[in-house]
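Quick notes on the structure that follows.
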Amino acid sequence: MSDRPVTTTSSSVSGEPLPAFPQTVAVQPALDIPPGFDSFSPPTHRGSTVVFRNLAELRAHGDRETTYWRYGLHATPTSEALCQHLALIEGASHTLLLPSGLAAISLVYFALLKAGDDVLVPHNVYGPNRDHGEWLARDFGITVRYYDPMIGAGIADLIRAETRLIWMEAPGSVTMEVPDSEAIIAAARSRGVVTAIDNTWSAGVYFRPFDKGIDISVQALTKYQSGGSDVLMGAVLWRDDSLGQRLRQARARMGWGVSADDCYLVLRSLPSMPVRLAAHDRAAREIAEWLAQRPEVSRVLHPALPECPGHEFWRRDFSGASGLFAIVLRERYARAQVDAFVEGLQRFAIGWSWGGARSLAVPYHVQTMRPAGSWPPAGWEDAGELVRLYIGLEDPRDLIADLKAAMERHLAGA
Ligand SMILES: Cc1ncc(COP(=O)(O)O)c(C=O)c1O
C-alpha cells in the first residue's frame with residue numbers, strides 16, 4: 001500500500017481534484033472521457049444508485065424539471081428510451097416495463113382491482129392470464145368471469161355494477177378468434193369499465209388499440225419486440241393518463257424492474273421489427289393457404305382466412321397478420337398420431353415462446369382448455385386435434401416441404 005496520497009480523484013460536489021490513496025482512486029477515479037461520441041446504438045445505463053449533486057436534488061426527486069432520475073429500479077435513460085420507442089410504435093403516451101409479459105398482465109390486475117371487484121376475461125385468453133384470474137378469485141375476493149370471445153355487443157349483458165375491467169386478446173391464444181373489439185369497447189365505455197387488451201400478436205404494429213378507444217395495452221416484448229428468443233420482458237402501455245398513477249404505483253410497490261442490458265437487446269431489435277413482421281406475415285399466409293388445401297386439415301385458424309372466427313373483425317381492425325396461427329386436423333387422427341406428426345417435423349422446433357426467427361409447432365387438446373361443450377364450436381364438422389404453428393423467418397418452401405413430409409408419414413392412411 002502506498003503511504004502517499006495521489007491526486008487523481010475529484011470531489012463529487014465541485015469536481016475539483018482531491019488528494020487520495022490508491023484504494024480510493026480505484027473506487028473514485030477522475031476520468032476524462034472526451035465528449036462527442038455518437039452512434040446509432042443507445043447507451044446502456046446500468047445503475048441501482050442514482051447520484052444527486054446535493055440534498056436539494058435528492059429531496060426533489062421525481063420532479064421532471066429538476067431531478068427526474070431517482071432509483072435504477074424505476075427508470076434509467078436506457079429503459080426510458082425503450083418506453084418512448086414502444087409508445088411511439090403503438091400510439092400510446094406512456095409505457096411501463098415489466099420483467100415478463102405475464103408480469104405486465106399481473107400489473108394490470110393488481111393496479112386496478114380490489115376485493116369485491118369483478119373482471120371479465122375471454123375464454124381464449126393466454127393460459128397463465130386465466131390462471132392468474134383464478135388465483136385472484138380464489139385468494140383475493142375478486143370475481144372473475146369468462147366470456148365467449150365472439151360475444152360482441154352481448155358483453156353489455158354481463159357487465160355488473162362491480163365490473164371494473166374487461167380483458168380482450170386479439171386474436172385469442174391457441175384458437176385464434178378475433179373479437180369485435182369495437183362492440184366490446186362501446187359497451188365498456190357506456191358503463192365506465194376499463195378495457196385492457198393483450199396485443200402481443202400484432203406487436204402494436206397491426207392493431208392500434210388506443211385509436212379504437214382501448215384503455216390499456218399489454219405486450220409480451222419477449223416475442224416480436226425482442227425477436228431473438230433470448231429476452232423475457234413485458235410492457236403496459238396507455239394513452240390517457242387517468243390510469244397512470246395507479247399503474248405506476250402498483251409497479252413501484254411490487255418492485256418490478258428490468259435490466260438495462262435486456263432493454264438494450266430489445267432496443268436493438270425494434271428497428272427491424274416491422275420488416276420481420278412483414279416477412280412472418282407473408283410466409284405464414286402462404287403456408288396457411290397451402291394447409292387449407294390439404295386433405296388432413298379440417299380448418300385453418302388464421303385471422304386472414306375467412307374460416308377463422310372473427311375474420312371480418314380482423315379485416316376491419318388490422319393492417320396485417322403475424323406469424324402465429326393454428327390448424328385443426330380431421331377428427332380421425334388420434335392424439336398420439338398428431339403428436340407423432342409434430343415430432344416428425346424437422347424444421348419446426350417444439351416450444352412455447354414465439355416471436356423469434358425459428359418456426360415452432362405445439363399440439364393442443366382444446367377440449368380440456370375451454371368450458372365443457374364449447375369446443376369444437378357448433379357446426380364445425382370433422383374437427384379433431386389442434387396444432388399451433390409459429391412461422392419463423394425460414395424460406396416457406398422448406399417449411400411446406402417439411403409439413404408435407406410429416407403429414408404423409410404420420411397422417412396418411414387413417
Ligand atoms: C399472448 C401472450 N401474452 C403474454 C405472454 C406472456 O409473455 P412472457 O412469456 O413474457 O411472460 C405470452 C407468452 O407466450 C403470450 O403468448
Donor-acceptor pair, R251 side chain versus L97 backbone, under 3.5 Å?
yes
Do you know which two heavy atoms are closest between F313 and V178, and how far apart they sit?
CD1-O, 3.5 Å
Checking the side chain of W314 only, and the main-chain atoms of G320 only, is there a donor and an acceptor separated by less than 3.5 Å?
yes
Can a donor-acceptor pair be found, under 3.5 Å and without considering hydrogens, that links the side chain of S322 to the backbone of W201?
yes
Without swapping roles, check the side chain of R358 against the backbone of A349 for a donor-acceptor pair under 3.5 Å.
no
Side chain of R347, backbone of E394: donor and acceptor closer than 3.5 Å?
no
If we ignore angles and hydrogens, is there a donor and acceptor under 3.5 Å between the side chains of E289 and Q293?
no
Answer yes when D148 and R370 have at least one side-chain N-carboxylate O distance shorter than 4.0 Å, and no when they do not.
no
Testing the basics here: between T95 and C83, what is the closest heavy-atom pair and its distance to 0.1 Å?
OG1-O, 2.9 Å
Main-chain N/O of V50 paired with R70 side-chain donor or acceptor, under 3.5 Å:
no
Verify, without hydrogens or angle tests, whether S100 (side chain) and A220 (backbone) share a donor-acceptor contact under 3.5 angstrom.
no
Is the shortest side-chain heavy-atom distance between I184 and P179 below 4.5 Å?
yes
Is a donor on one side and an acceptor on the other found under 3.5 Å between the side chain of D339 and the backbone of P363?
no
Can you confirm if the NZ or CZ of R130 lies within 45° of the ring axis of Y146 and under 6.0 Å from the centre of its six-membered ring?
yes
Can a donor-acceptor pair be found, under 3.5 Å and without considering hydrogens, that links the side chain of T175 to the backbone of E177?
no
Short side-chain donor-acceptor distance under 3.5 Å, H410 and Q337
no
Salt bridge flag under 4.0 Å for residues E312 and R316:
no
Short side-chain to backbone donor-acceptor contact, S106 and L102, under 3.5 Å
no
Examine the side chains of E162 and T143 and answer whether a donor and an acceptor come within less than 3.5 Å of each other.
no
Less than 4.5 Å apart, any side-chain heavy atom of Y224 and any of H280?
yes
Might you point out which heavy atoms bring P309 and L301 nearest each other, and give the distance in Å?
CD-CD2, 4.0 Å
Could you tell me whether F140 and W135 have their ring centroids closer than 6.0 angstrom?
yes
Determine whether the aromatic ring centres of Y126 and H132 lie less than 6.0 Å apart.
no
